[in-house]
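Structure first, then comments.
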Amino acid sequence: MSTDPDATEREAPSLEGGYDPEAVEKRWQDRWVDSEVYAYDGDPGQDPNTTYAIDTPPPTVSGSLHMGHLYGHTVQDFAARFQRMYDGDVLFPFGYDDNGIASERLTEKELDIRHQDYERREFQKLCREVCQEYEAEFTDKMQGLGCSIDWGHTYKTIEPRVRRVSQLSFLDLYEKGREYRKKAPAIWCPECETAISQVEMEDEERASHFNDIAFEVASEGAERDEFVISTTRPELIPACVSVFVHPDDDENQDLVGETARVPIFGHEVPIIADDRVDMEKGSGVVMCCTFGDQNDIEWYQAHDLPLRVAIDESATMTELAGDYEGLSTEEAREAIVEDLEEEGYLRDRWEITHAVQVHERCDTSVEYRVSKQWYVEILDHKEEYLEAGREMDWYPEKMFSRYRHWIEGLEWDWLISRQRDSGIPFPVWYCSECDHEVMARREDLPVDPLSDEPPIDTCPECGNDTFEPEEDVFDTWATSSLTPLINAGWDWDEEAQEFRMDNPELYPFDLRPQGHDIISFWLFHTIVKCYEHTGEVPFDATLINGHVLDENREKMSKSRGNVVAPDEVLADYPVDAVRFWAASAAVGDDFPYQEKDLTAGEKLLRKLWNASKLVDNLAPEEPDEPDELEAIDRWLLAELDDAVEELTAYLDDYEFAKARDRLRTFFWNTFCDDYLEIAKEREDNPSTEYALRTAHRTFLELWAPFLPHVTEEIWQALYADSEARGTSNNSSGERSEPRDDGGELGETSVHVRDWPTPQGYEADLEAGEAAMEVISALRRYKSQNQLSLNADLEAVSVYGPVDGFEDAIRNVMHVRELTVLEEPPEITTEVAAIDLDYSTLGPRYGSKVGEIDAGIESGEYEIVSAEQRSAEKSSGDEPRDDDEGLLRVAGEELEDELFEVELERTYSGEGEMLETESAVVILE
RNA sequence: GGGCUCGUGGUCUAGCUGGUUAUGACGCGGCCCUUACAAGGCCGAGGUCGGUGGUUCGAACCCGCCCGAGCCCA
């Protein structure tokens with residue numbers, strides 16, 4: 001704490017002057033962090049039901065904070081703050097994903113080095129150092145968002161603890177038989193020189209050429225000498241292993257069973273029938289190369305074709321390409337086309353654009369290569385993963401179908417090995433004689449086989465005593481998918497010989513939030529991993545947030561230059577205003593960033609501030625509750641009860657936009673515009689003073705999840721002290737010496753209070769409603785007559801249910817003489833319209849409704865009043881309930897509950913008549 | 001090409017287990033300094049719910065087709 005008295009004074013929360021978010025927000029952010037207000041201090045034995053845990057997807061460090069981070073974390077924070085107040089302990093952790101290729105590149109760039117020049121552990125150390133700076137900056141910015149993250153509960157995917165968890169995970173799945181190592185075609189990035197998984201590919205439109213190339217028929221006695229195939233990749237011709245024709249392709253059926261000679265290279269390949277041929281494309285005859293695409297792989301496997309590798313791991317032509325050896329695929333393509341043309345094999349060539357599959361990280365088009373890789377078997381558990389998805393609550397629900405379609409479309413097992421120089425290594429060695437797999441011991445983890453020795457001296461299979469380390473590292477998703485386990489402190493218990501968690505009460509996590517673009521891989525992989533390890537679905541619910549678009553509802557992108565940086569926004573607007581904007585979108589919907597929406601938030605902060613000042617002026621801090629509240633005050637608190645109830649339900653269901661609007665409307669319109677205006681005229685009234693303070697405290701609590709800074713400032717300025725005193729009064733001993741500022745805030749903060757519950761106030765809500773209508777009508781009258789709102793009104797009569805609210809009306813509208821009429825005023829009424837209750841009329845009368853409508857329209861109807869009816873009935877036989885009127889129309893008798901008569905009133909007395917929904921007001 | 005989603009006053013939106021007067025905010029026009037707030041209050045204008053066909057007594061809401069936008073996956 002500062003010793004400078006001026007500074008202390010300036011720093012103290014107070015309602016003096018206007019609200020100054022710039023100073024206030026920073027101050028509270030710092031104090032919340034310093035005092036660890038949001039620290040998770042649940043204990044491992046506690047009830048999981050009162051523990052709310054969020055599993056946050058860790059952002060990549062090297063990327064700067066963007067609107068997606070801001071929005072995503074703010075939405076999570078709404079849930080965290082609400083749950084913390086509502087139902088017990090909350091864990092809102094934070095992680096950094098610094099284990100990926102992105103941070104390696106960052107390190108290389110920052111230090112101007114190449115990872116190849118370093119030993120793996122050394123390079124990782126450098127990565128950690130470089131990332132640390134970026135992480136510090138990122139942390140700072142995250143704290144500037146005011147999220148209630150527990151900064152004592154963080155992790156980095158590059159840290160040794162996480163490496164250990166990743167390797168443990170690998171060993172566990174291996175022992176469970178869920179992982180295998182296999183030599184098979186895999187998707188390969190020649191730029192990164194690594195295998196990648198299906199999910200790391202994306203399609204990109206590229207300009208290319210279609211080439212029609214003639215192949216000779218080599219076998220004797222064939223019906224023709226040659227045929228033509230079309231390809232975009234002539235450089236694959238040396239890798240051609242067969243030619244395919246569709247079995248239904250009559251035109252080319254003669255070729256099946258013959259042999260083709262590959263142009264230039266001269267090797268001969270079989271011509272085979274297979275229904276995977278696309279007959280619509282080109283000539284209907286296609287070549288199969290190892291490998292041009294996924295189809296080639298299927299053919300290779302189905303027809304047991306030979307492997308011809310013409311392209312190496314760096315996309316350079318191999319020895320097999322003959323004269324083209326050493327060229328890049330691009331160069332070889334051009335050279336081969338030229339030579340084909342020269343030798344007369346090229347029959348046609350034209351430009352096209354087509355979708356090429358590229359590695360999402362570097363945009364290099366991928367190859368398919370046969371190599372030995374590690375896989376997690378997933379295809380056989382698709383049903384279980386689907387079922388796991390069904391067990392979770394999806395917010396919004398519709399997002400589940402994306403997950404389902406994703407799983408249904410899976411065709412490959414999950415390839416988890418990457419041929420990269422850094423990352424988390426496989427804890428595996430292989431016998432140099434028999435290739436037997438040797439796993440590290442759990443207690444030794446984390447290990448790096450490149451620098452650590454295997455746990456055994458001789459191979460149990462063949463007795464050999466030399467081993468080769470596995471050089472590959474894990475796919476980063478293999479680690480990122482473990483965050484629930486990392487957050488719950490999952491580890492191997494050597495003594496018990498089983499996995500256990502430091503905080504089992506956290507798992508499964510209550511909420512997994514993330515953007516809708518990463519459902520397919522991040523969420524999916526996390527479910528796969530955690531489910532396989534624990535047999536449980538890792539999340540009760542998943543919250544899928546939409547994207548922040550630009551003001552024209554277009555996606556923000558660097559290339560379009562329409563990116564809005566959080567820094568810029570926060571420089572101009574209070575965090576609370578930004579949060580209020582973030583709460584405006586229904587969860588799952590994309591929504592635009594528009595400045596005017598931030599202004600709306602700013603206005604709200606100002607309103608809350610000013611209303612608080614007024615409340616503070618109107619009522620003592622802690623008024624006693626009177627034995628009997630007056631009608632107007634009881635009405636407010638009853639309305640507040642309703643609001644609390646609805647709001648709680650909305651928030652519990654992640655309906656932040658609805659909660660926000662409900663609260664804003666009630667606070668602004670009902671409390672400020674209606675009640676406060678009335679309260680101003682009721683100074684020194686104990687009933688009103690009590691209601692004012694009760695409502696005000698409750699409003700601060702209700703707004704706290706949305707507007708944490710301004711509510712904390714007001715709370716601390718007005719109530720924190722008395723609450724602290726109150727607590728000590730209730731407890732047995734004296735109040736303990738105030739601890740340092742930090743510890744105290746953990747108890748006095750508005751954010752650690754209990755969420756409000758309805759207090760059971762009962763009031764005549766109808767009367768309140770009628771009174772507000774009357775006030776509104778009088779306001780309208782003044783406004784239309786250009787009177788100021790505090791102008792006096794001589795005499796007003798009201799006919800309507802405003803019992804108990806007479807004084808409120810009189811005072812707030814400055815009515816000298818208010819009369820409540822027992823009888824309707826001198827008015828003549830005339831039927832203006834008849835409203836039918838179609839919802840019951842429709843089902844009952846069906847197509848007759850049209851006639852009824854027409855009858856009313858044309859005036860051919862009769863209203864029989866209750867009196868008339870009873871007179872009629874008295875002559876009839878059965879006397880029954882005759883309180884009700886009747887409507888005779890179109891040959892039907894409609895009962896009272898089916899229609900309502902709208903009257904047009906004409907006032908024949910003195911003065912002016914104002915009408916409202918449920919009251920009549922006469923001004924004299 | 002397949003799937004999902006969306007299309008409501010000038011702008012952003014609520015409403016969508018069908019019920020006839022379509023919600024609110026911003027913007028716009030007018031009035032009002034009233035015991036906090038003029039960056040406030042009050043009042044008002046403005047939409048037939050992308051188009052079209054159908055189901056129904058009745059459709060913004062259900063169904064078909066079309067147009068437009070976005071996302072995911074090939």
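Just so we're on the same page: letters track the sequence lines, and every chain starts at 1. Side-chain atoms are counted along with the backbone in the values below, which use heavy atoms only and exclude waters and symmetry mates.
Across the strands present, B/rA22 finds no partner; the criterion is a Watson-Crick or G-U wobble pair with both atom distances under 3.5 angstrom. Here B/rC4 sits opposite B/rG70 as a Watson-Crick or G-U wobble pair (both hydrogen-bonding atom distances under 3.5 Å). The partner of B/rC65, taking Watson-Crick or G-U wobble pairs whose two distances both stay under 3.5 Å, is B/rG51.
B/rU55 and B/rC61 have their C1' atoms separated by 14 Å, given to the nearest Å. Rounded to a whole angstrom, the distance from the C1' atom of B/rG10 to that of B/rG46 is 9 Å. Taking atom P on both nucleotides, B/rC49 is separated from B/rG44 by 25 Å, rounded to a whole Å. Nucleotides B/rU20 and B/rA60 place their C1' atoms 12 Å apart, quoted to the nearest Å. Comparing the same atom, P, in B/rG53 and in B/rC16 gives a spacing of 27 Å after rounding to whole Å. As rounded to the nearest Å, B/rG1 and B/rC57 have C1' atoms that lie 44 Å from one another. Comparing B/rA22 with B/rG2, their P atoms are spaced 39 Å from each other, to the whole Å. B/rG9 and B/rG24 are spaced 13 Å apart, taking the C1' atom of each and rounding to whole Å.
One N or O on the side chain of A/N811 and one on the backbone of A/D807 form a donor-acceptor pair closer than 3.5 Å. Between the side chain of A/N562 and the backbone N or O of A/K555, at least one donor-acceptor pair lies under 3.5 Å.
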Filtered N/O pairs between nucleotides 2-7 of chain B and protein, under 3.5 Å:
| from | atom 1 | to | atom 2 | distance (Å) |
| --- | --- | --- | --- | --- |
| B/rG3 | O2' | A/H405 | ND1 | 3.0 |

At a cut-off of 3.5 Å, list every protein nitrogen or oxygen paired with a nitrogen or oxygen from nucleotides 15-23 of chain B, distance to 0.1 Å.
| from | atom 1 | to | atom 2 | distance (Å) |
| --- | --- | --- | --- | --- |
| B/rG15 | OP1 | A/K658 | NZ | 3.4 |

Within the sub-3.5 Å range, which N or O atoms of nucleotides 32-37 of chain B have a protein N or O partner, and how far apart are they?
| from | atom 1 | to | atom 2 | distance (Å) |
| --- | --- | --- | --- | --- |
| B/rU34 | O4' | A/N790 | OD1 | 3.4 |
| B/rU34 | O4' | A/N790 | ND2 | 3.2 |
| B/rU35 | O4 | A/E681 | OE1 | 3.1 |
| B/rA36 | O2' | A/N610 | OD1 | 3.4 |
| B/rA36 | N7 | A/K680 | NZ | 3.4 |
| B/rA36 | N6 | A/E677 | OE2 | 3.4 |
| B/rA36 | N3 | A/N610 | O | 3.3 |
| B/rA36 | N3 | A/A611 | N | 3.3 |
| B/rC37 | O4' | A/N610 | ND2 | 3.1 |
| B/rC37 | O2 | A/K607 | NZ | 2.7 |
| B/rC37 | N3 | A/K607 | NZ | 3.2 |

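Taking atom CZ of A/R780 as the reference point, atom P of B/rC43 lies 6 Å away to the nearest angstrom. In this structure, A/F667 places its CZ atom 11 Å from P of B/rG41, rounding to the nearest Å. Rounded to an integer number of Å, the gap from CD of A/E602 to C1' of B/rC26 is 14 Å. The nearest whole Å value for the distance from the CZ atom in A/R664 to the C1' atom in B/rA14 is 14 Å. Straight-line distance from the CZ atom of A/R660 to the P atom of B/rC26: 11 Å, rounded to whole Å. Between the CD atom of A/Q514 and the C1' atom of B/rC72 there is a distance of 14 Å, rounded to whole Å. One atom, CG of A/D293, and another, C1' of B/rA74, lie 13 Å apart when rounded to the nearest Å. Spacing between atom CG of A/L549 and atom P of B/rU11 amounts to 16 Å, rounded to whole angstrom units.
Distances shorter than 4.0 Å separate none of the side-chain N or O atoms of A/K596 from OP1 or OP2 on B/rA25. Checking the phosphate oxygens (OP1, OP2) of B/rC26, no side-chain nitrogen or oxygen of A/S584 falls inside 4.0 Å.
Taking A/A791 as the reference, A/L787, A/S788 meet the side chain to side chain contact (heavy atoms under 4.5 Å, CB included) condition, with sequence neighbours excluded. In terms of the side chain to side chain contact (heavy atoms under 4.5 Å, CB included) criterion, residue partners of A/D296 (sequence neighbours excluded) are, by chain and number, A/C288, A/C289, A/F291, A/D293, A/W299. Taking the side-chain hydrogen bond (donor to acceptor under 3.5 Å, both in side chains) definition, one finds that A/R606 meets it with nothing, sequence neighbours left out. A/E602 meets the side-chain hydrogen bond (donor to acceptor under 3.5 Å, both in side chains) test with no other residue; sequence neighbours excluded. Taking A/T231 as the reference, nothing meets the side-chain hydrogen bond (donor to acceptor under 3.5 Å, both in side chains) condition, with sequence neighbours excluded. Taking A/P396 as the reference, A/K398, A/M399, A/I544, A/V587 meet the side chain to side chain contact (heavy atoms under 4.5 Å, CB included) condition, with sequence neighbours excluded. In this structure, the side chain to side chain contact (heavy atoms under 4.5 Å, CB included) partners of A/E383, at least two apart in sequence or on a different chain, are A/L386, A/R390. With sequence neighbours left out, the side-chain hydrogen bond (donor to acceptor under 3.5 Å, both in side chains) criterion links A/T74 to no other residue.
For the pair A/A586 and A/K603, both in contact range of RNA chain B, the more 5′-proximal nearest nucleotide belongs to A/A586.
At a threshold of 4.0 Å, the pair A/R682-A/D633 counts as salt-bridged, since one of the basic side-chain nitrogens sits closer than that to a carboxylate oxygen.
The side-chain heavy atoms of A/W414 and A/S481, taken from C-beta on, include a pair separated by under 4.5 Å.
Across all strands, A/K555 comes closer than 4.0 Å only to sugar-phosphate atoms, never to a base (heavy-atom distances).
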Distance-only donor-acceptor pairs under 3.5 Å for side chains of residues 594-601 of chain A, two or more places apart:
| from | atom 1 | to | atom 2 | distance (Å) |
| --- | --- | --- | --- | --- |
| A/E595 | OE1 | A/Y573 | OH | 2.5 |
| A/T599 | OG1 | A/E595 | O | 3.2 |

